[in-house]
Amino acid sequence: SALGGNPFPATLYLFLLEVLRNTLLSLVLNSVFIVSLVSCSKDSVPEKFPKMEFQTDLDLLSEKTVFNNLSLRIPRSFYAIGDEELTLLKNHLENQPNAIFTTIVLGAFIDSVGSTIIVSEIPNANVLEKLDDEFNDALSAAWGGEKPIRSQFTINDLPVVHYQLFNDRVVNVKIFVLINPVFQLDFIVRRDIYFDYQTSIESLFGTLKPINK
């Protein structure tokens with residue numbers, strides 16, 4: 001069914017109501033934690049992760065935030081959601097049936113127009129092996145047939161798998177940071193304003209660093 005109104009309203013409360021009530025937007029956020037089962041039975045293939053340098057503008061970013069053994073800087077325009085709202089989001093996103101990964105939401109940030117950054121942890125083993133063609137097909141199905149744009153590279157010695165997902169209204173930039181445990185970062189924004197965020201998101205990526213070995 002058609003989505004009525006702005007899918008990312010200005011207040012987090014209204015945003016969460018849209019998530020919980022609307023099938024289309026729920027599918028978008030469910031693709032953050034894909035609900036389709038994916039086989040990981042194929043043989044492991046050596047993966048290459050070329051070094052990637054990002055232009056990092058620290059003026060666009062807040063002070064360092066640490067999640068367990070990963071540090072990063074969130075864009076200044078985003079603020080952490082409150083405990084009550086985080087609990088709502090965790091309940092919605094962590095309790096998906098038949099999820100590929102066990103996902104723990106560590107934090108979420110939102111700005112004045114409802115663009116959202118979600119940081120989560122995946123304690124499962126062999127995550128890279130699951131990020132295969134079948135996973136890409138599951139992402140594509142969740143996004144109405146749009147094929148994900150996938151790449152992989154190294155940021156500050158961290159191996160990363162990067163996805164860009166588009167539909168008519170929303171863009172999800174998703175990265176998996178392949179350390180132990182694996183971290184997943186999701187940036188979700190309306191498609192019509194996506195390009196306004198590219199510099200700040202690239203700057204965020206450039207600050208991803210491990211804090212211990």
Side-chain angles (χ1 to χ4, degrees), residues 3-22 24-33 54-68 70-94 103-121 139 142-143 146 148-149 155 160 162-177 183-209:
L3 179 64
N6 187 336
F8 290 93
T11 67
L12 180 62
Y13 177 70
L14 290 177
F15 167 70
L16 289 171
L17 285 181
E18 290 286 342
V19 171
L20 296 173
R21 290 177 179 173
N22 190 278
L24 177 57
L25 190 55
S26 291
L27 282 173
V28 169
L29 279 177
N30 288 349
S31 76
V32 174
F33 309 109
F54 286 94
Q55 297 293 326
T56 301
D57 185 349
L58 294 179
D59 290 338
L60 298 176
L61 304 175
S62 62
E63 294 301 311
K64 181 172 69 174
T65 300
V66 174
F67 293 99
N68 296 334
L70 181 73
S71 73
L72 53 85
R73 294 190 178 205
I74 300 294
R76 288 185 186 276
S77 59
F78 288 77
Y79 56 91
I81 68 175
D83 291 342
E84 184 176 349
E85 292 86 355
L86 182 60
T87 297
L88 254 180
L89 193 63
K90 285 172 66 70
N91 287 340
H92 181 70
L93 295 179
E94 291 180 359
T103 306
I104 303 166
V105 177
L106 301 177
F109 304 82
I110 194 166
D111 71 3
S112 62
V113 296
S115 302
T116 305
I117 298 169
I118 301 172
V119 181
S120 52
E121 181 181 279
L139 283 175
W143 282 77
E146 291 285 338
I149 301 170
I155 306 173
V160 166
H162 174 278
Y163 291 90
Q164 287 178 291
L165 301 153
F166 297 85
N167 66 18
D168 289 343
R169 296 198 174 197
V170 181
V171 177
N172 178 194
V173 178
K174 175 192 299 291
I175 69 169
F176 294 89
V177 182
F183 287 87
Q184 180 176 327
L185 275 68
D186 285 276
F187 170 62
I188 305 166
V189 62
R190 294 196 335 253
R191 186 166 183 163
D192 63 331
I193 58 174
Y194 167 60
F195 290 105
D196 296 340
Y197 288 86
Q198 285 192 309
T199 301
S200 59
I201 293 303
E202 182 175 344
S203 296
L204 183 162
F205 288 169
T207 68
L208 290 169
K209 293 180 180 178

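Any value given below was found using the heavy atoms of this structure, including those in side chains, with hydrogens, waters and symmetry copies removed.
With hydrogens and angles ignored, the 3.5 Å screen pairs a side-chain donor or acceptor of Thr207 with a backbone N or O of Arg73. Lys90 contributes a side-chain N or O that, together with a main-chain N or O of Val105, makes up a donor-acceptor pair within less than 3.5 Å. At distances below 3.5 Å, at least one donor-acceptor pair connects side-chain atoms of Ser62 with backbone N or O atoms of Ile74. Between the side chain of Ser115 and the main chain of Asp111, no donor-acceptor pair closer than 3.5 Å is present. A donor-acceptor pair under 3.5 Å links the side-chain atoms of Arg76 to the main chain of Leu61, judged by distance alone. A donor-acceptor pair is defined here as one N or O able to donate and one able to accept, closer than 3.5 Å; such a pair exists between the side chain of Ser120 and the backbone of Gln184. At least one donor-acceptor pair closer than 3.5 Å links the side chain of Arg191 to the backbone N or O of Asn167.
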Exercise. Passes side chain to side chain contact (heavy atoms under 4.5 Å, CB included), Thr103 versus Glu121? Steps please.
Worked result: CA-CA 6 Å; Thr103 306; Glu121 181 181 279; over 6 Å; no
For this session: Determine, stepwise, if the pair Asp186 / Ile117 fulfils side chain to side chain contact (heavy atoms under 4.5 Å, CB included).
Result: CA-CA 6 Å; Asp186 285 276; Ile117 298 169; over 6 Å; no
For this session: Starting from the C-alpha separation in whole Å, work towards a yes-or-no answer on side chain to side chain contact (heavy atoms under 4.5 Å, CB included) for Phe109 and Thr116.
Result: CA-CA 6 Å; Phe109 304 82; Thr116 305; over 6 Å; no
Exercise. Given Thr199 and Ile201, is the side chain to side chain contact (heavy atoms under 4.5 Å, CB included) satisfied, shown in steps?
Worked result: CA-CA 6 Å; Thr199 301; Ile201 293 303; over 6 Å; no
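The side-chain heavy atoms of Lys174 and Leu185, taken from C-beta on, include no pair separated by under 4.5 Å. You'll find the side chain of Thr65 reaches within 4.5 Å of the side chain of Phe67, heavy atoms only. Side-chain contact between Leu208 and Ile175 is present, with at least one heavy-atom pair separated by less than 4.5 Å. Counting heavy atoms from C-beta outward, Val171 and Leu165 have side chains that stay 4.5 Å or more apart. Proximity of Val119 to Leu70: side-chain heavy atoms (C-beta onward) are nowhere separated by under 4.5 Å. Put simply, the side chain of Ile149 reaches to within 4.5 Å of the side chain of Phe166, judged on heavy atoms. Side chains of Tyr194 and Val173 form a contact here, defined as non-hydrogen atoms less than 4.5 Å apart.
In terms of heavy atoms, Ser71 sits closest to Val66 at CB-CG2, 4.1 Å. In terms of heavy atoms, Thr56 sits closest to Ser203 at CG2-O, 3.5 Å. When every heavy atom of Leu89 is checked against every heavy atom of Ala108, the shortest pair comes out as CD2-CB, 3.6 Å.
Annotation: the span from His162 atom NE2 to Phe205 atom CZ amounts to 4.5 Å, rounded to 0.5 Å. The distance from the CD1 atom of Ile110 to the CD1 atom of Ile188 is 10.0 Å, given to the nearest 0.5 Å.
Residues satisfying the side chain to side chain contact (heavy atoms under 4.5 Å, CB included) criterion with Gln55, sequence neighbours excluded, are Glu202. Remark: Phe78 engages no residue in a ring-ring contact (aromatic ring centres under 6.0 Å, His included) (not counting sequence neighbours).
Using cut-offs of 30° and 60° on the angle between ring planes, the pair Tyr197 and Phe187 is tilted.
Listed by first and then second residue, the salt bridge (charged side-chain N to carboxylate O under 4.0 Å, His left out) pairs that reach into residues 56-65 come to none, sequence neighbours excluded.
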